[in-house]
Structures are given as C-alpha cells and as structure tokens.
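Structure first, commentary second.
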Amino acid sequence: MGISSSSTQPTKKVGSMRVNLFFAILLIVMTIYFLWWGIGYTLHQQTLLFVVATAFGIFMAFNIGGNDVANSFGTSVGAGTLTIPQALGVAAIFEVSGAVLAGGEVTDTIRKGIVDLDGLSVTPNQFIYVMLSALIAAALWLLYATRKGLPVSTTHSIIGGVIGSSIVLGIYVGGTDMALSTVDWGTIGQIAISWVLSPVLGGILSYILYGQIKKNIIDYNDMTEARIHDLKQAKKALKQNHKEFFDKLSESLQLSYTSAMLRDQEIYKDDDCSREDLETDYYQNLYDIERERNDLDTLKALKKWVPLIAAGGGVVMTSLVVFKGLKNVNSSLSNLNAFLIMGMIGALVWLATFIYTKSIRGKHKEDLSKATFIMFSWMQVFTASAFAFSHGSNDIANAVGPFAAIMDVIRNNSIAAQAAVPSAVMLTFGVALIVGLWFIGKEVIQTVGTNLAKMHPASGFSAELAAAAVVMGASTMGLPVSSTHTLVGAVLGIGMVNKNTNWALMKPIGLAWVITLPAAAAMSAISFVVLNNIFG
C-alpha cells in the first residue's frame, strides 16, 4: 500500500526520489513567491519578523498535512481503496479547494473564545508574539506526534499554544492573577470533555453502522459464496460418482443407459424442462443442483442494502461539505437550499449505486467479495473526498488564523477585530498541507489505517461516515468534539466488531491527546519569552 519502503523495487525508488524532489521544489518555490508577495503586502514593515512568521506558519500547515490530513486518509489507504500517491492526489484537489474556496471565513475563530486580551494593554508586537509562539509550539508538537505516528488534534495544539503565550503575556502586563483570568477555562473544560466524548461517539456509531453492514451484507455474501462453492463441489462429485457408476455397468446396460442420457441431454436444454421429464439419476441430481444455484440470489444483499447505505452516506457527506464548507463563503445559502442539495445528491447516489448493482454480470455475481470491495471502494473515495474538502475549509484555520492575524498587524501596526485572508495565503498553506502529507504522513496513515484495526473498504467507509455524522451532529447540538479523536474512535469501533482492536496502541495515543494542550502551552510560553527578548 505504499507504506513500507522495504517492499519497493529499485525503479520505484528512483521515481519516489523524483517525486520527493518535485514536492520539495514546489514548497520552496511557493514559499519564495509568498515571501516576495508578502513583503510587499506588509508594506516592507518588520521584514525579519514577517519572514520568521511565514516560515513557522508554513511549517505549521506542513505538519497539519502530516498529521490531520494523514489521519483523515488513513482509513482509505489502510483499506486498500487508495494508495498513498492516490490519496495525495485526492487530498491535493479537495484539501486545497476547500482551503481556497471556503477556508478564509473561519480563520478568525482561532482568535476568539480562547483568551480575552481586551483587558490588557497589549502592543501590536506583543500580540504578534502571542500568535507566532502558538504557531511555533503547535508546529513542533505536531511534528513530534507525527514522527511517532500519533494522530492528535491540531485544533487542541493551536489552542494550547495561544493559551500558553497569552498567560505569559498576561504575567508581563498585569501579573499572575490577571493572566489566568484571560483564559476561558470553560473552553478548556470542553476540550477535556472532547477527549472522551469524541472517540466514544465515533466508536458507538461506527460499531452500529459497520455491525449492520457486516451482518446484512458481508456475512450474507460469505454465506452465499460458501454455498456456491458447495454446489460446485457437489457438481464435481456428481460427475465423478456418475463416471464410477457407469464404469461398473455391463455393456448392454451401458448402451441402454447411454440412450437415456442422450434423451435427457436434449430435454435438459429446454427452458421449460422439469425434474419429472428426466429419466436418469445423473440429470435429475444435476437439475436439483443447478436449480438451487439459479434460485440463489447472490446479489440480494448488494441490491437491497448498498444503495440505501450509499445514499445515506451521500447525504451525510454532502451536509459536511455544505454546512462545514460552502456556508462559510455563501451566507445566503439557506437551510432549505442546503437540504435540497443533500436530497438531490442522496437520490443520485442511490440511483447510480442501484443501477450498478443491477448491471453486475458474469463472474462478479459469484465473486461477491470482489464486487463488494469495488462498490465500497467507490463509496469510500466519495467520503474521503468530502472529508478532505471539509477539512481544508476548516482545519486550515489552525495555521492560517494566527498567521493572518500576524500579517494584518504587521501591515497596519494595529490589532483589528478581524484579519483579511488573501488568496495567496490560502494557496501557499494549502500546498504546504499536501507536501506535509507526502513527506511525513505515512506513520499516521499506518497507525489509523492499519495498526489500530485492519481495514476493508466497507469498514473504512463505515469509519469515515460515522466520524462525519458525529462531527455534523455534534456541531449542530453544540457538543465539543474533535474530528481526529472521532475518527480514531470510529476505527476502534470497527476493530471491536471484527475483534481485532489494538488496544495497546491506544495507550500512547490517549496520552498524546491529554498532553497535547499542556505541551503546546508550555512550548508556546517558552517561545514567547524568546521572541520577546529577541524582537521586543
């Protein structure tokens, strides 16, 4: 699946080196272009500080790609639906599209609801140090977690970074009591709740969803394939037994039996042939075997359940794209419009899937495992693409939000309530996401897609759909959930159904979740002190 380099052939190693070089050059060129553009955009003010902020902003986006994006595509790669290069291609299109088309409007959320600096006399540069320290700390923590193959929340990382640097700033300006009062501890409590709520909800829903898919589709298909195999073996045994029976007959009996066999052979060709029309035991038994085979509806589960599941998945993933993506840039899109779009997509997906199941012919009618693999692979590509668009339009804010604030303050030398996010920022950071996925995302992909539980396109689809449904439902009800934690929980739910969950691996992952916020806060506090001493 492209995870282990030990299995690659020499020719592939040369190709991968060329691809590595291509992405490295792409990121370098984009960074140089962005610096050239950004220095002009910031009116040549505080150039050194802007260069440092750009480096760590792009570095943060790079690590989001290596952890968060890799986490999102782990199930697709682990299930064998996509190879890592294919996952990269899907991510490149949908992540960057989500970031550029729908990501700019959500970047100010990182700056609100975490800390309140209004009561402090904060200079523009001190505000820059707060945001830059958060970027540095979150990026370094994400890099560490990614290299260890641990999927962690980038949102929690950047929130921890903002809290750490804000507390140090508060101590500088107003003392310890004022510093602690700037933090919205309710938000911290919600994050703590999400450590448990997210994986539990994801695990429960994926357990139920995949449990039903396994019971009604996979197990039925396995039973049907086993019966087909038994009938084939019975047919072979019938021929062998008939041969042995015929060889034991005398020549006169062989002649009369052969005549009867020839008559049955002609009768058997007729479509309206019945068992009573046949004379010989061989053709009567053959009639029973082939009648049972013809009466066996091999595609029953696929025709009945897959279109419904696919349509439901289409509705959920479309809602993710619409409400977590497109509505960020098109506020005139009413709920009625959104529901109509979801309904149309769901109907189209049901129709397309149903027509496909009706068109299955030949060997695929008996090779149900392959037919199921193909159908759920297509469905999983759809869910992965929708996840990527939603992720690009939302979680890019974890890098762009603080950076846009920094760039705006450098440009205007004042702290504004909101900061504009130029397209050049979204495009450059979107490219950094993809490059990060390519260079350092393999460990997290292997953790989520292979090491936690074994994946199949049906189970991978179930995990992604369950995670998306939980994220959408929780957002609607205002419950604090993390998409990363939810997807990991969904994978655990799959493992519970298949009884192959790697619970030992959850210990370091769970520990990483808990220490993400304090670790980022501590590193951000140190970074703030260093930046304040260098530039202050």
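Values below: every heavy atom of this structure, side chains too, minus hydrogens, waters and symmetry copies. This is a predicted model, so every value here is computed, not measured.
- Looking at Lys442, its side chain does come within 3.5 Å of a backbone N or O of Trp438 through a donor-acceptor pair.
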Can you check side-chain contact (heavy atoms from CB on, under 4.5 Å) on Glu290 and Tyr268, steps first, answer last? CA-CA 11 Å; Glu290 295 199 348; Tyr268 196 78; 2.7 Å; yes
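- A cation-pi contact, defined as under 6.0 Å to the ring centre and within 45° of the axis, is absent between Lys303 and Trp305.
- Side-chain atoms of Tyr207 and Gln212 include no donor-acceptor pair closer than 3.5 Å.
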Let's go through Tyr220 and Asn216 carefully: what are the C-alpha distance in whole Å and the side-chain angles of both, what is the deciding distance for side-chain contact (heavy atoms from CB on, under 4.5 Å) to 0.1 Å, and is it a yes or a no? CA-CA 6 Å; Tyr220 176 86; Asn216 294 302; over 6 Å; no
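- Smallest separation of non-hydrogen atoms from Gly495 and Ala453: CA-CB, 3.7 Å.
- At least one donor-acceptor pair closer than 3.5 Å links the side chain of Asn502 to the backbone N or O of Asn451.
- Counted within 6.0 Å of OH on Tyr257, heavy atoms from surrounding residues, nucleotides or ligands total more than 12; the atom is thus considered enclosed.
- At distances below 3.5 Å, not a single donor-acceptor pair connects side-chain atoms of Ser198 with backbone N or O atoms of Trp195.
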Could you walk me through whether Trp378 and Phe382 satisfy the ring pair (Phe, Tyr, Trp, His ring centres under 6.0 Å) test, starting with their C-alpha distance in whole Å, then the side-chain angles of each, then the deciding distance to 0.1 Å, before giving a yes or no? CA-CA 7 Å; Trp378 280 107; Phe382 178 79; over 10 Å; no
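- For the side chain to side chain donor-acceptor pair (under 3.5 Å) with Gln240, the qualifying choice from Lys243, Lys236, Glu244 is Glu244, the only one to do so.
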Quick one: do Val306 and Ile309 satisfy side-chain contact (heavy atoms from CB on, under 4.5 Å)? Show the steps, please. CA-CA 5 Å; Val306 173; Ile309 294 170; 5.7 Å; no
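- Thr516 places no side-chain N or O within 3.5 Å of a backbone atom of His156 that could act as its donor or acceptor partner.
- Put simply, the side chain of Thr318 never gets that close to the backbone of Met342: no donor and acceptor are under 3.5 Å apart.
- A donor-acceptor contact under 3.5 angstrom links the side chains of Asp68 and Thr484, judged on distance only.
- Contact detail for Gly449 and Met455: the closest heavy-atom pair is O-CG, 3.3 Å.
- A donor and an acceptor atom, one from each side chain of Glu443 and Thr146, are nowhere located under 3.5 Å apart.
- Scored by the side chain to side chain contact (heavy atoms under 4.5 Å, CB included) test, Phe439 finds Asn20, Phe23, Ala24, Phe62, Val435 as partners (sequence neighbours excluded).
- Side-chain N or O atoms of Gln254 include one that pairs as donor or acceptor with a backbone N or O of Phe246 at under 3.5 Å.
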Checking side-chain hydrogen bond (donor to acceptor under 3.5 Å, both in side chains) for the pair Asp277/Ser274: CA distance, chi angles, key distance, verdict? CA-CA 5 Å; Asp277 297 332; Ser274 66; 3.0 Å; yes
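- Between the side chain of Gln446 and the main chain of Gly149, no donor-acceptor pair closer than 3.5 Å is present.
- Salt bridge present: Glu266 and Lys269 bring a charged side-chain N and a carboxylate O closer than 4.0 Å.
- One finds the CE atom of Met344 at 6.0 Å from the CD1 atom of Ile341 (value rounded to the nearest 0.5 Å).
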Hey, mind stepping through Ser153 and Trp513 against side-chain hydrogen bond (donor to acceptor under 3.5 Å, both in side chains) and telling me if it holds? CA-CA 7 Å; Ser153 172; Trp513 289 356; over 6 Å; no
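- A donor-acceptor distance shorter than 3.5 angstrom exists from the side chain of Thr357 to the backbone of Phe354, with no hydrogens or angles considered.
- Side chain to side chain, Glu464 and Ser76 meet the donor-acceptor criterion of an N or O pair below 3.5 Å.
- Without hydrogens or angle criteria, Ser377 side chain to Pro457 main chain gives no donor-acceptor distance under 3.5 Å.
- Not counting sequence neighbours, the partners of Leu209 by the side chain to side chain contact (heavy atoms under 4.5 Å, CB included) test are Ile213, Ser462, Leu465.
- With hydrogens and angles ignored, the 3.5 Å screen pairs a side-chain donor or acceptor of Asn67 with a backbone N or O of Val152.
- Contact record, Gln86 with Thr81: OE1-O, 4.0 Å, taken as the closest heavy-atom pair.
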